There are 2 protein chains.
Amino acid sequence: MLDLPGEILEPLARSPVARDVAHRAGVSTATVSRVLNGSAGVRADKREAVMRAAQDLGFVANGAARALSTRRFMAVGAVVPNIENEAFVRVLSSFQERLRQAGYTLVAANAGYDLEDELREATFLLERGVDGLMLVGDIHHPDLHTRIARHGIPMVQTFSLSRERPCVGFDNAASAARAANYLIDLGHRRIGVISGLRKDNDRGGARVTGIAQALAARGLTLAHEHDIEISYGIGGGRDGFRQMLAGGPPPTAIICGTDQIAFGAMIEARARGLDVPGDLSVIGHNDSDFAPFLDPALTTIRIHSAEIGHAAGDHLIARMQGRPVVRLTQIDAELILRASTAPPREQDRG
Amino acid sequence: MLDLPGEILEPLARSPVARDVAHRAGVSTATVSRVLNGSAGVRADKREAVMRAAQDLGFVANGAARALSTRRFMAVGAVVPNIENEAFVRVLSSFQERLRQAGYTLVAANAGYDLEDELREATFLLERGVDGLMLVGDIHHPDLHTRIARHGIPMVQTFSLSRERPCVGFDNAASAARAANYLIDLGHRRIGVISGLRKDNDRGGARVTGIAQALAARGLTLAHEHDIEISYGIGGGRDGFRQMLAGGPPPTAIICGTDQIAFGAMIEARARGLDVPGDLSVIGHNDSDFAPFLDPALTTIRIHSAEIGHAAGDHLIARMQGRPVVRLTQIDAELILRASTAPPREQDRG
DNA sequence: GTGGTTTTTGAAAGCGCTTTCAGATAGCCA
DNA sequence: TGGCTATCTGAAAGCGCTTTCAAAAACCAC
């Protein structure tokens, strides 16, 4: 790091306000406001004059003043568990796309899979005056809902379904169960799960529950030693699979909470001399960019993140504009079959 | 998607304002403001009364009013080329971490590698009243700087160095040159480049320039057919390498604009029966999470994204608080040697 | 007590925009 | 040209907070 002597940069200059424009155009601020907000009923010549004056002065309306006056911030908040997580990034990106089109700004915050932190971040956003809020999942701090209600702004939950609250998502248990059934149909009997942290995470929890139920429905059980919870990431996947092998007979198939975890598990399996999918079938979650390029290409549950983001955006925009909406939008996840799954070896068949 | 009949959710309720709190606590709004902003000089009993009243009413100050009054929005904007790109996500995340600690909100926008779009998004943020702005790279729309100046807010550029403007980054040409020299030292003579789009992208351009110069300095040249520009992503990497093979004798080593591109190129190389690193050495950029886990593990130029984000955040916070700062912070990228690079085969040696 | 501080406090003036409301203009027809 | 609408326009009142300024209260030493 260079060590130049410190210096104070850039002096501040007062930026032009509506009154300056009004003055220059020879009209009142009311007219300036009307022109700049495109409201009808301003004679062409005045309109022109205002436009030119604003242009000349490089006038940009003060957002705070406008927000204070209109009581709309034109901003929407989003609190996601991990802002660096691919799935959430995609949702935020498509969510923002929609909001931007409607003239809204997205303000995103990080909750780190912690209810207290989520409450803190959401409160921070509410103080900012966001006009709407997007959350992930159906488990939140009890105070959060009352705070949102007090602000009287619409909220939408994503990634999972909710009985009570507006949401855009899918049935995590059902989609994970579908993956489990697929494996069972292939003949697998010993099926394991490596999920990310499940605390305060209804998606992760529901997926494991869904798998356990699917197994139970077919007379199988999710062995305790095949039910692993680790931190996210490729490293987590390696560790998780290592742990799984430590306890008794290895599973012939595993379902992982993310594609990263699946990737890690595959690496560990290979390092142990196991062939995927010969000795071990692997299913991931999310259909990350790299999933089709892994060797073998990863079978995964594709979550339609972009659609979820768009739908959540549309939902919130409609509510903020007072239009009617459906409370629950279901965007089903999809099992994408690739090469990492296959029937188990003869001796392991069900 | 479920098709429930539309319904309007949640009626709005007026949220309490400072006057309500003042009334309840039997003081003036001035005192309420003083208490809530922790300024000294309020008797303990009144302070208590205000606190309790605010608590009871669930009062949350209106951010717009506060911003209008203090002329500080306590928000910072960031415009990055691609909000879904791993490197930018990491920077945004660490940048936001710092800002959040200082009480600022981050508002991020997407410029899509287009100067006009960048200008539009930045303008949008300026209208919002952000107190500072982070940009990526040193190439921007000519109007952008005047607009920022007009708003009188500090700006910091990231990822590359700049002669004129405040920046936190590294010398893209030099670090790419280092990678090239490493390959030359290994004995490579035919070295190729697959970069992402270079239009309006000084980082990409500088890297290629740096490589070309490093080659020239050692009496080598970057053959036209070994200089490929593609769109980002794993698919782009595959395409890029395919294109490269189409033109004359294949290179024995390539340097890629991102690890994703490198991954794609490795896949294509393998599909063509080429061994990495036996027949082809590959170097990526960014040191993505998956880089160490590829087979072979990817040699890459690690960009210290988190440090860049932190430094950019610190820089902007200092300027917004009127503290002196250094104009240029250099956070060098680092060549991480792994298994995807090796000397070329005997007959190809230099 | 008293006069002279030193704290506390509240009234009021913004901050810069939107929007209402009434007055000014323009347009139109007879 | 006069009278009556239909348009336009500007003054002014907020929006809800911060902050200045002067007055009120509390404190202190004598």
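None of these values were measured; they are calculated from a predicted model. First the proteins, then the strands, lettered A, B, ... as listed; each starts at 1.
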* Do R19(B) and H23(B) have a side chain donor and acceptor closer than 3.5 Å? -> no

* Asked: Taking only side-chain nitrogens and oxygens of T31(B), does any of them come within less than 4.0 Å of OP1 or OP2 of dG10(C)?
  -> yes

* Just checking, is any N or O donor in the side chain of S160(B) or D202(B) under 3.5 Å from an acceptor N or O on the other one? -> yes

* Length of the line joining R19(B):CZ and dC15(D):C1', which is rounded to integer Å -> 11 Å

* Asked: For R72(B) and dG16(C), what is the distance between atoms CZ and P respectively, to the nearest whole Å?
  -> 15 Å

* To do: Quickly work out the R43(B) CZ to dA25(D) P distance and round it to whole Å.
  => 11 Å

* Looking only at N and O atoms, is any donor in the side chain of R71(A) or the base of dG16(D) less than 3.5 Å from an acceptor on the other one? -> no

* To do: Would you mind telling me which of dG10(C), dA11(D), dT19(C) lies closest to the side-chain atoms of V27(B)?
  => dG10(C)

* Whole-Å gap separating C1' (dT7(D)) and CG (D45(A)) -> 13 Å

* Asked: If only side-chain N and O atoms of R66(B) are considered, is one of them under 4.0 Å from the OP1 or OP2 phosphate oxygen of dT18(D)?
  -> yes

* Asked: Please give, in whole Å, the distance from dT18(D) P to F73(B) CZ?
  -> 14 Å

* Structure fact -> Looking only at dG16(D), dG10(D), dC17(C), the nucleotide nearest the V17(A) side chain is dC17(C)

* Asked: Please give, in whole Å, the distance from dG10(D) C1' to K46(A) NZ?
  -> 9 Å

* Just call it for V32(B): base, sugar-phosphate, or nothing, with non-hydrogen atoms closer than 4.0 Å on any strand. => nothing

* Asked: What about the rings of Y104(A) and F73(A), do their centers lie closer together than 6.0 Å?
  -> no

* Can a donor-acceptor pair under 3.5 Å be found between the side-chain atoms of S69(A) and the base atoms of dG14(D)? -> yes

* Asked: Relative to the 5' end of DNA chain D, which residue comes earlier, R34(B) or A61(B), by the nucleotide with the nearest heavy atom?
  -> A61(B)

* Asked: Looking at N37(A), does any N or O in its side chain come under 4.0 Å of the phosphate oxygens OP1/OP2 on dT18(C)?
  -> yes

* Mind calculating the distance between CZ (R128(B)) and P (dC17(C)) to the nearest angstrom? => 14 Å

* **Candidate nucleotides dT19(C), dC17(D), dG16(C), ranked by approach to the side chain of A30(A) - the nearest** => dT19(C)

* Between R47(B) (CZ) and dT8(C) (P), how many Å, whole number? -> 10 Å

* **side-chain N/O S33(B) vs dT18(D) OP1/OP2, d < 4.0 Å** => yes

* Asked: Are R128(B) and F124(B) in a cation-pi setup, meaning NZ or CZ lies under 6.0 angstrom from the ring centre and within 45 degrees of the ring axis?
  -> yes

* Would you say the side chains of H141(A) and E118(A) form a donor-acceptor pair under 3.5 Å? -> no

